[in-house]
Amino acid sequence: MKIASWNVNSLKVRLPQVLEWLGQARPDILGLQETKLTDENFPAAEIEAAGYHVAYSGQKTYNGVAVLAREPVTDVVTDIPGFEDHQRRVLAATVGSTRFVNLYVPNGKAVGDEKYDYKLAWLAHLREWLATELETHDELAVVGDFNIAPEDRDVHDPEAWHEQVLCSTPEREALAALTALGLSDSFRRFDHPEGTFSWWDYRMNNFRRNRGLRIDLILTAPRLTERLSASYVDRDPRGWERPSDHAPVVAEFTP
DNA sequence: ATGGTCGGTAGCCGA
């Protein structure tokens, strides 16, 4: 089994690349973030024609998440229970025996900004929800754009990013509170070259210079962690014409 | 030199 996560920064623009990548990578489940499409504008027919079932939760202009899967998608949840939010950032679904939680974690804008406080509150509610999801689903995967670089080795220039948004101690502690539930950062179960990132700002030729951060993660519950056979970033689509600023991240499991 | 690019939208905001 192969699962993946990709912040596409507008599915309207990136649909051809998503279809291309589905064709070559053939993931069983793919979580998309920043679709930036209302549900009535979601390109479900094109995705289904590529052999994928799909569930989506979107809004105009901002945010928006979707789950694409080769098997039917059921038991869809689009909000953190008990946390009122008009921003479409959550899509949990069951695919086969896998419980798949796809997230677009708030960016936070800057440490101390009201958006930063919203981010930390959002993550605190997420933790409570995932604790209950873990009680009911052994094969839980939590994927998405977490907008948090877990450690300094996930940052091209840790000094420049020190205590900045995406790297601050409260954000990292909020992420650590998720992994403390028993969810493993699958990427770190394997060896990787230094400077492996998943997001590179469009500005300043940051991709060419590999000035990036690893903020797109696949967290796995123990029953999936023990079956992990690979976890990596597929950098290729970031180098395509008119790319997203994020690359897909992938995890593979033995049957 | 304190910006720099995208995408969506509408003449700026968010990332």
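Every chain is numbered from 1 and lettered A, B, ... according to where its sequence line falls, protein lines coming before strand lines.
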Could you check whether Asp185(A) pairs with Arg214(A) (Lys NZ or Arg NE/NH1/NH2 to Asp/Glu carboxylate O, under 4.0 Å)? yes

Locate the shortest heavy-atom distance separating Trp240(A) from Gln24(A); write the atom from each residue and the value. CZ2-OE1, 3.9 Å

Sticking with atom C1', work out how far dG4(B) lies from dA10(B), rounded to a whole angstrom. 23 Å

With P as the reference atom in both, quote the distance from dG3(B) to dG7(B) in angstrom, rounded to an integer. 23 Å

Sequence neighbours excluded - ring-ring contact (aromatic ring centres under 6.0 Å, His included) pairs with any residue from residues 56-79 of chain A: Phe42(A)-Tyr56(A)

Nucleotide-resolved protein contact map, nucleotides 5-15 of chain B, B/S/- at heavy-atom distance under 4.0 Å: BSSSS----SB

Expected list for residues 233-241 of chain A near DNA chain B, using heavy atoms below 4.0 Å, is none

Taking side chain to side chain donor-acceptor pair (under 3.5 Å) as the test, write out the residues that go with Asp201(A), two or more places apart. Arg203(A)

Residues passing the side chain to side chain donor-acceptor pair (under 3.5 Å) test with Asp216(A), sequence neighbours excluded, are Ser198(A), His246(A)

Heavy atoms only: give me the nearest Val73(A)-Ala69(A) pair and the separation to one decimal. CG2-CB, 3.8 Å

Suppose you measure atom P in dA1(B) against the same atom in dG11(B); what distance do you get, rounded to whole Å? 34 Å

Using residues 44-54 of chain A as the side-chain source, report each donor-acceptor pair under 3.5 Å to any protein atom, sequence neighbours left out, with the distance given to one decimal.
unit_1: Tyr52(A); atom_1: OH; unit_2: Pro27(A); atom_2: O; d: 2.7

Please measure how far the C1' atom in dG8(B) lies from the corresponding atom in dT2(B), and state the result in whole Å. 27 Å

Checking side chain to side chain contact (heavy atoms under 4.5 Å, CB included) between Val90(A) and each of Val105(A), Ile80(A), Asp79(A), Asn63(A), which is the one that passes? Ile80(A)

